[in-house]
Protein chains: 2
Amino acid sequence: MSEKTSNLTIEEKETFMQEAIKEAKKAEGIQEVPIGAVVVLDGKIIGRGHNLREDSQDATAHAEMFAIKQACQSLHNWRLERAQLFVTLEPCPMCSGAMLLSRVDEVYYGAKDPKGGTAGTLMNLLDDNRFNHVAYVESGILEKECGELLSNFFRLLREKKKLLKNQNKD
Amino acid sequence: MSEKTSNLTIEEKETFMQEAIKEAKKAEGIQEVPIGAVVVLDGKIIGRGHNLREDSQDATAHAEMFAIKQACQSLHNWRLERAQLFVTLEPCPMCSGAMLLSRVDEVYYGAKDPKGGTAGTLMNLLDDNRFNHVAYVESGILEKECGELLSNFFRLLREKKKLLKNQNKD
């Protein structure tokens, strides 16, 4: 288990998670699954991103990937040591892996992902000493808000599908 | 364990791994760690990529990511079902995760990665029923050639560093 600790106050964590939520809402606005992320260094956001899988038809177009890439660009450096990453949903294996590769120091997420989360739920790739990096992980930051964004999105999607099905019957 | 089987002959596997090796050599030519990948569908290469981490200063710039993105672009679809991915080195968590997300059917790699490989060595993310996709995995395709590319690259790098150190002493 990692012995790392958080360097942020609760207020800071919630402030940055609100920024990740803003990103998630950008995804929601274009009918993408609402997931957003930001990368923070020394109290400043250096990378932002939201899910664009359907819009781009790119399987790798996850919020965290955009945020990490933009942060690397900002610093002209692939190493994001000392950086914090905030994401509304627990990361998948790809995004957890990108966090290890970019060596982000701390990862904060909102809602857990029981189906594919690999930062504590199915496994914790970010706290496995066999890899060449370990990150501090904290879940449950604005968990309710992050989770409701997703559950509302999927509820509306189901209602739309049902409506469409009923219209086709008429 | 996955019950999937390979749909390719040994000749086909080696032909496509040679294409991944060509990509790895492009990386080597610009002093990047020589790793290359291709994505194949119905006998045609629809995505290619090589490691560009140092050149781009992007932590996510792995060979497999470029190959998967290009394949998605080729098909205008994030789903790469029925596709095969060839890569010279065993994939890391990020790239294994991208393979799960893009739903590639079969993954072939050359050399094992004892330090970070997640397609059989440290774990097998591609054959874990908890995720929503499982891929067929086969290792050891042109293993010697793929491995030597890497070991020669790192040997030359060590020699260069030694030379530089000795020059600085003079």
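Contact check on B:Glu32 versus B:Arg53 returns no salt bridge, with no Lys/Arg side-chain nitrogen under 4.0 Å from an Asp/Glu carboxylate oxygen.
With a 4.5 angstrom heavy-atom cutoff, B:Leu122 touches chain A via backbone and side-chain atoms both. For chain A, the nearby part of B:Asp128 is the side chain; its heavy atoms alone come within less than 4.5 Å. At a 4.5 Å heavy-atom cutoff, the contact between B:Leu101 and chain A is made by backbone and side-chain atoms alike. For a residue to count as touching a neighbouring chain, one of its non-hydrogen atoms must lie under 4.5 Å from one of that chain's; by this rule B:Ser56 does not touch chain A. Looking at B:Ser102, the atoms closer than 4.5 Å to chain A (heavy atoms on both sides) sit in the backbone and in the side chain alike. Interface remark: A:Leu125 contributes side-chain atoms only to the contact with chain B (heavy atom separation under 4.5 Å).
Annotation: side chain of A:Phe66 is in contact with side chain of A:Leu52 (closest heavy-atom distance under 4.5 Å).
Chosen from B:Cys92, B:Cys95, B:Cys72, the residue pairing most often with chain A at heavy-atom distances under 4.5 Å is B:Cys72. Each of A:Arg103, A:His76, A:Met99 has some count of heavy-atom pairs under 4.5 Å with chain B, and the biggest count is that of A:His76.
There is a side-chain donor-acceptor pair under 3.5 Å between A:Ser6 and A:Tyr108. Between the side chains of A:Asp105 and A:Gln84, no donor N or O sits under 3.5 Å from an acceptor N or O. B:Asn77 and B:Arg79 share a donor-acceptor pair across their side chains, judged by distance under 3.5 Å alone.
Residues B:Val39 and B:Leu89 are members of one and the same hydrophobic cluster, defined by side-chain heavy-atom contacts under 4.5 angstrom among Ile, Leu, Val, Met, Phe, Trp and Tyr.
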